[in-house]
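The basis for the numbers below is simple: all heavy atoms, side chains too, and nothing from hydrogens, waters or symmetry mates.
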Amino acid sequence: MAVLLHRLGHSAYRHRKLVLGVWLFVLAALITCVSVFGGKLDDRFSVPGTESQRALDSLSKTLPEASGASAQIVFTAPEGHRITDAPYTAAIARALAEAKKAPQVGDVLDPRTSGAVSADRTTAIVQVQYPVQVAEVRTSSVDAIEDAARGAEKDGLRTSVGGSVFGSKGVHVGPSEIIGVAVALLVLVVTFGSLLAAGMALLPALIGVAVGLAGLLALAPAVSISSTAVTLALMLGLAVGIDYVLFILSRHRQQLARGTDPKESVALAVGTAGSAVVFAGTTVIIALAALSVIGIPFLTTMGLGAAGAVLIAVLAAITLVPAVAGFAGTRLAPKPGSRAARRAADAEGSTGRTTLGTRWTKWVIAKPLLTVLAVAGILVTLTLPALDLRLALPDNGSAPHASTERRAYDTISDKFGPGFNGPLLVLAETNDGTAAASSQAGAQVAQKLRTLKDVEAVLPPQPTGDPTQSVITVLPASGPDSVRTDRLVRDIREAAPEIRGTTGASVAVTGTTAVNIDVSNRLSDSLLPFVAIVVGLSLLLLMIVFRSLVIPVKAAVGFLLSVGASLGLVVAVFQWGWLADVLDVPHSGPVVSFLPIILIGVLFGLAMDYEVFLVSGMREEWAHTGRARQSVVDGARHSVRVVTAAALIMFTVFAGFFPLDDSLIKPIAFALAVGVAIDAFAVRMTLVPAVLALAGRGAWWLPAWLDRILPDLDVEGSSLQKAAPADRKEPELVS
């Protein structure tokens, strides 16, 4: 692989104008496709093959209003008044009439006929039903509903609008993300000691992100792509894109400082550091693509979209970086006597000075057992809250307090009970084809459902376009993300055989709440197998790369500690509510159900990334000197500074998405930011050197028979370094 990448670096440097032109042409073509054919993003959660999804698909044909999107207009009378007073009923009637005129609206239910009036007669709800899914509801329709609600405020009513039409806000680039990129640029300037080098590091990363994002959006007309998938692709593409460019460009500048010819230097950098980039990127891609085996469409597109963004970032790093470096030529070399030149010399160990990374490593391995126990103890302590991890998909209860959907959600919970925000739909089907038989069976099913635990109310059966069907709305006594609601869904399903035996009707639980519960349960069941696959893959890959047994086991354990500590912090903040006010977390409750799998997939690749860059230098020193303890110190000197900069950049990029008022993106950004910080600084830079120092020569041992059968990937580019031509000091003319 190293030889192939070396040739690619040579070719990209030589044909730099063509390479840059191809990337810009592809970007322009994709942007044109998005502007001409751009489709809508689809934020539906579905679980093919489950009872809830099959029933929902059936209802989409026989009763589209029940399976489609919905909105709720909540009216609250002034203090001391009742919503049933004449002026307010007239205002609600006018709002109801306006809502019926909104585009795409299928039906609007008057609270006087639907019974959606609170027991204290202070609040009423107008239910708006759409025959289409959330993704197909136009913004103009939601705006019309909100305008209808605001019209009633002139009569003194307080209004808010909620319902499933309010979902993820989608891709958003605002001040916090721009600040994150600005901080990343600052870190690059400090790392390189050159504004030119920092800018040239950022340029390929930004072009790669733009291509990846435009490519994903261009697929929207043909593939269901969620707004969360787009934001995750942007987040990951930006973070790994800058990091991968940093690794290659920093190696290139170190070689330029030694006087290496620019063309040969960039080819060597792509062949060595680029090999590690390809390896690390491949692990991220494999882990994210593996999300497709879970069988949940929105998670499949999320994983494949993010994997595509990482793939583009890798391609940009190994092709655009040498091309851009070709335009700069020797100007990227640190000036003699500059701080950057001294740092490059320090990294080579030619100055005799002790770098900060070297001092840190010496301090860590001075008492390695104490270091291992202290770091492991802290990370295990941080992991403890993860034992209470509960998973669910967010709803409007997770929205910002000031939003209209959150106000509607809280008012409904307070006045009608939490179950009103998460009703269950029970589809009853009979073999008798007459409407009368179906109606009778539906009434009997409703009577049975009223006897179940945690049922607040059961509404009368509603007929559908199929005479054998009826739909019964069940209002739980608990909220949609409650464990009790999950248990109620299981109780109804367990009671289905008995209900069929006594009423002759088969029942299926569906609706948004039931689908979300099924999604969360599917993800919970997939979590441990996914962890086992990822950990097994890490053991195999690192064994191949480092020809060692200790290093893969240590890396896998460190990875599990990083994931556990990150999930523990997520549970403490987002589920328990610790520091929620300080961090502006609007709601404490179950963790986003797909967060653990996303965290594991992303953190796995990043952990392998840092592991390769740190340990490869140590292995190289061990191969040259045979001194186990000293090789840990000397090897860390080469890479600690670059890995520190990479981790800081990735942390700031992820943290830049945390301020978003998006209940899906906010916890993911938090988990990835703290996960990167923990894995880079606590595990890779502290725990890894201490374990290697403890293991001594045994850290690099591999049975001879296993060494013979394992392939040699040469991720470190050792074959190139052995066969590299003599450094040439003549600078190449820059075209």
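- With sequence neighbours excluded, no residue satisfies salt bridge (Lys or Arg N to Asp or Glu O under 4.0 Å) with Lys666.
- Taking CD1 of Ile665 as the reference point, atom CG of Leu232 lies at 6.5 Å (rounded to 0.5 Å).
- Taking the side-chain hydrogen bond (donor to acceptor under 3.5 Å, both in side chains) definition, one finds that Thr319 meets it with Trp23, sequence neighbours left out.
- Seen from the ring of Phe681, Arg684 does not count as a face-on cation partner, given the 6.0 Å and 45° thresholds.
- Of the possible donor and acceptor atoms, none in the side chain of Thr686 sits under 3.5 Å from a partner among the backbone N and O of Val683.
- In this structure, OG1 in Thr652 is found 7.0 Å from CD1 in Ile242, a value given to the nearest 0.5 Å.
- Although no hydrogens or angles enter the test, the distance criterion places no donor-acceptor pair under 3.5 Å between the side chain of Arg16 and the main chain of Ala325.
- Every side-chain hydrogen bond (donor to acceptor under 3.5 Å, both in side chains) that Tyr610 has, sequence neighbours left out, goes to Asp243.
- In this structure, the side chain of Ser11 does not engage the main chain of Arg7 through any donor-acceptor pair within 3.5 Å.
- When every heavy atom of Ala273 is checked against every heavy atom of Ile248, the shortest pair comes out as CB-CA, 4.0 Å.
- Around CG of Leu196, the count of heavy atoms belonging to other residues, nucleotides or ligands within 6.0 Å exceeds 12.
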Q) Between Leu246 and Met650, is a side-chain contact (heavy atoms from CB on, under 4.5 Å) present by the stated rule, with each step listed? A) CA-CA 11 Å; Leu246 169 64; Met650 198 164 287; over 6 Å; no
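- Taking the ring-ring contact (aromatic ring centres under 6.0 Å, His included) definition, one finds that Phe654 meets it with nothing, sequence neighbours left out.
- When atom types are taken as modelled, the side chain of Arg14 and the backbone of Lys263 share no donor-acceptor pair closer than 3.5 angstrom.
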Could you list the donor-acceptor pairs under 3.5 angstrom formed between side-chain atoms of residues 557-569 and any protein atom two or more places apart in sequence or on another chain?
unit_1, atom_1, unit_2, atom_2, d
Ser562, OG, Gly558, O, 3.0
Ser562, OG, Asp679, OD1, 2.7
Ser566, OG, Ser562, O, 2.7

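- Here the closest non-hydrogen pair linking Leu692 and Ala699 is CD2-CB, 3.7 Å.
- Applying the salt bridge (Lys or Arg N to Asp or Glu O under 4.0 Å) rule to Asp388 yields no partners; only residues at least two apart in sequence or on another chain are considered.
- Neither side chain, Thr260 nor Gln255, offers a donor N or O lying under 3.5 Å from an acceptor on the other.
- Put simply, the side chain of Phe604 reaches to within 4.5 Å of the side chain of Leu537, judged on heavy atoms.
- In terms of modelled atom types and a separation under 3.5 Å, the side chain of Arg619 and the main chain of Gly635 share no donor-acceptor contact.
- Although no hydrogens or angles enter the test, the distance criterion places no donor-acceptor pair under 3.5 Å between the side chain of Ser265 and the main chain of Asp261.
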